[in-house]
Amino acid sequence: MTERVTLLTAAIFAAVAAALITLIPAAAQQTGAIDLQGQADQGKVTYAKNCSHCHGPNMVNSGTITPDLRAFPDDKTRFVTTVKQGKNGKMPPWADILSEQEIADVWAFLSSRRTP
């Protein structure tokens, strides 16, 4: 009888452990998706305040030299460098104006609006 209780306890423990191993990554991914959406939402605000006057409210401003940001490559390093340092004397540098977090938020917003 004691051996049977021990086996049953071990089986229950194994089932609970397996369930936790399965559920924890899913919960972490869901939290990550919520965090990324919040970051994109904040990036939308920062973009509207600082970027839309040149790049347009929808990330494209026809008739100007600014690129369609919806088609910007999936290259965060390039994006951050361009924002911080400016581009070709036409886009001013924003390193002294936008924080690292604000730039990351705008990147999240841009990434959420990227077109294939």
Side-chain angles (χ1 to χ4, degrees):
M1 177 78 171
T2 304
E3 183 178 327
R4 186 172 181 190
V5 171
T6 302
L7 288 175
L8 183 60
T9 302
I12 291 171
F13 179 75
V16 169
L20 287 175
I21 289 170
T22 303
L23 294 175
I24 289 173
Q29 286 178 350
Q30 185 177 17
T31 301
I34 291 169
D35 290 346
L36 187 58
Q37 182 58 52
Q39 191 175 8
D41 291 345
Q42 187 57 46
K44 182 177 183 178
V45 172
T46 302
Y47 176 88
K49 179 180 173 188
N50 298 286
C51 311
S52 65
H53 59 280
C54 289
H55 290 283
N58 295 315
M59 295 191 174
V60 61
N61 194 354
S62 61
T64 70
I65 59 170
T66 60
D68 180 347
L69 292 179
R70 299 169 301 172
F72 193 89
D74 189 12
D75 185 346
K76 184 177 181 180
T77 301
R78 178 179 163 193
F79 175 81
V80 170
T81 300
T82 300
V83 171
K84 286 182 173 182
Q85 297 176 3
K87 180 103 177 174
N88 299 329
K90 295 176 182 159
M91 177 177 162
W94 290 84
D96 294 336
I97 299 166
L98 297 177
S99 69
E100 293 285 334
Q101 185 61 57
E102 288 171 317
I103 294 170
D105 293 345
V106 172
W107 172 253
F109 174 58
L110 184 144
S111 296
S112 74
R113 302 281 313 274
R114 185 176 289 110
T115 57

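Side chains are part of it too, since the values below use all heavy atoms of this structure and drop only hydrogens, waters and symmetry mates.
Within the 4.5 Å cutoff, the side chain of Met59 has no heavy atoms near those of the Phe72 side chain. Residues Trp107 and Leu110 meet the side-chain proximity criterion, which asks for heavy atoms closer than 4.5 Å. The shortest side-chain heavy-atom distance between Val83 and Met91 falls under the 4.5 Å cut-off.
Taking SG of Cys51 as the start and CG of Asn61 as the end, the distance is 12.5 Å to the nearest 0.5 Å. To the nearest 0.5 Å, atoms CG (Leu69) and CZ (Phe109) are separated by 9.5 Å. Atoms NZ and CG, on Lys84 and Leu98 in that order, are 10.5 Å from each other to the nearest 0.5 Å.
Checked by atom type and distance alone, the side chain of Asn88 never pairs as donor or acceptor with a backbone atom of Lys90 at under 3.5 Å. The backbone N or O of Arg78 sits nowhere less than 3.5 Å from a side-chain atom of Thr81 that would complete a donor-acceptor pair.
Taking each heavy atom of Pro73 and Arg114 in turn, the nearest pair found is O-NH2, 3.7 Å.
Ile103 and Ile97 fall within the same hydrophobic cluster, where Ile, Leu, Val, Met, Phe, Trp and Tyr residues are linked whenever their side-chain heavy atoms come under 4.5 Å apart, directly or through other members.
For Asp96, the CG atom counts as loosely surrounded, since its 6.0 Å shell holds 12 or fewer non-hydrogen atoms of other residues, nucleotides or ligands.
The side chain to side chain donor-acceptor pair (under 3.5 Å) analysis of residues 46-60, with sequence neighbours excluded, yields no pairs.
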